[in-house]
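Keep in mind that what you see is a predicted model, and the values were worked out from it rather than measured. What you see below is based on every heavy atom in this structure, not just the backbone, and it leaves out hydrogens, waters and symmetry mates. Order of appearance sets the numbers: ligands from 1, and atoms from 1 within every ligand. One is the number of the first residue; the rest follow in order along the sequence.
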Amino acid sequence: MAQYDYDLFVIGAGSGGVRAARLSAMSGAKVAIAEEHRVGGTCVIRGCVPKKFMVYASEFSHHLKTAKGYGWTIENATFDWEAFLAEKDKEIARLSGIYVRNLQNAGVELAHGKARLIDAHTVEIDKIGTRTAEKILIATGGRPWMPTDLPGFELAISSNEAFHLPALPKRIVIAGGGYIAVEFAGIFNGLGVHTTLVHRGPNLLRGFDDDVRSHLAEELEKRGITVMLGTQHTGIEKTPGGLKSTFNDGHDVESDVVMFAVGREPYVEGLGLAAAGVNLTKTGAVAVDAFSRTNIENIWAVGDVTDRINLTPVAIREGQAFAQTVFYDTPTSFDHEMVASAVFSQPPIGSVGLAEADARKQYGKVDIYLSRLKPMKYAFGGSDERSLLKLVVDSATEKVVGCHVVGPDAPEMIQMAAIAMKMGVTKTQWDSTCAVHPTLAEELVTMREKHEPMGLGQVA
Ligand code: NDP
């Protein structure tokens, strides 16, 4: 008789957990996966996927304005929030169903309920009971962090609720300057909601290239978003007209909805990690080595719960590397270098490699190639939106170490740039690539003049 009920028990059926469970089961292992909500995790249920649908929905207002410049007459265009939500929810249910079927087809047992560790080999699942497993994988992801010491914070929503608002608000205040804040600011603004984005820092998107950050803030304002930088909530209170946000600079803004997008935290609460002896990092994430193994020999963790790079494709690759290492006898550690990412702001951002400031710290001397231009599409229609394309090159080796684009289709472009950069492309090789004309992307391979930032060089 087997010593354990399962070879592998996975906690959390999001992107990383599902990939790891399926691949492991396909090796012949007996695998179960527990999920307390719907199968698919943050990305499919309340993250990337529904967010992208909301971005698509909201972009039409901008397209309609541009269309007028191209000769179209579109009268009485209106948006139906409820109809959109119904379509979105139908698609999310379909995708979640595919995840369930894929697990079943791979022979993975699905346990619906919150699971917690009793010890290093025993898991207790709500309403199901205890099960034992030789190996355990924690893939519970993250969840929105809320400023619980802020007076009135309970009146605000997080991104979780933004996907299901009963009605589209007329006015929204969004706090935060990260991915989620700028993406939802674009969504609500595009849907006609008066949008105020409030961020404590001097600029949005900390960690991104400084030119990208300031360019985006300008473009968001051009699209009609009020961007308040260096500003932080001091409280939220109910008023007859809605909700009043008060700020540290003495200002206040009334809105119908206040949304906090001020970071996410690893979801470890109630997981019983202490009972199993699993160590956490200083930031409360599950501590793992390069092979995603915790300090407990038979317990691994992948995805946002480990707080390495909190992106869906990274969680998937970490889950895949886990399965290869543990069930296919092929030790594999996912390389977290040169991971491209996109911010689906409006205009969107694609970025891979180092920001200029980080590259200067790492390499000393770097060459910068930068172009700001009006996308051809906006030749008609009156939009004064500008795109930004920037390359950061290590002067000594000529390697392209950073590529940053703000503009239409930037997320699509950056995937291709990431391939070349992962292979160690030099600027000469990059430039030997013939342009695709007429595109915005061609600018990337035609930038020859080094850019000297104001204050550092000759160009005023
Ligand atoms: P981020 O960590 O990206 O940003 C958090 C923001 O909240 C920062 O601007 C931060 O400011 C601010 N903040 C933190 N604490 C406070 C506070 N107490 N008061 C006011 N502001 C505060 O978090 P997100 O929630 O936006 O996203 C979480 C992660 O999810 C991202 O890092 C990303 O990895 C992933 N994600 C990826 C997406 C994509 O790939 N397109 C989309 C959405 C999420 P400061 O900079 O000053 O610290």
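The 4.0 Å heavy-atom shell around ligand 1 contains residues K51, W145, G177, G178, Y179, I180, E183, H199, R200, R206, Q232, A261, V262, G263, R264, N310, L311, A342, F344, ordered by chain and number.
At a threshold of 4.0 Å, the pair K170-D256 does not count as salt-bridged, since none of the basic side-chain nitrogens sits closer than that to a carboxylate oxygen. Look at E265 and R143 and you find a salt bridge, because one of the NZ, NE, NH1 or NH2 atoms lies within 4.0 Å of a carboxylate O, short of that distance.
Nearest approach of V44 to L95, heavy atoms of both residues: CG1-CB, 3.9 Å.
For the pairing with V393, the side chain to side chain contact (heavy atoms under 4.5 Å, CB included) check across I368, D367, V401, T426 returns one residue only, D367.
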For residues 418-425, please give each side-chain donor-acceptor pair under 3.5 Å, one per line with the distance, not counting sequence neighbours.
| residue | atom | partner | partner atom | Å |
| --- | --- | --- | --- | --- |
| K422 | NZ | D335 | OD2 | 2.8 |
| K422 | NZ | E337 | O | 3.0 |

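No hydrogens or angles considered: a donor-acceptor pair under 3.5 Å links the side chains of Q346 and S58.
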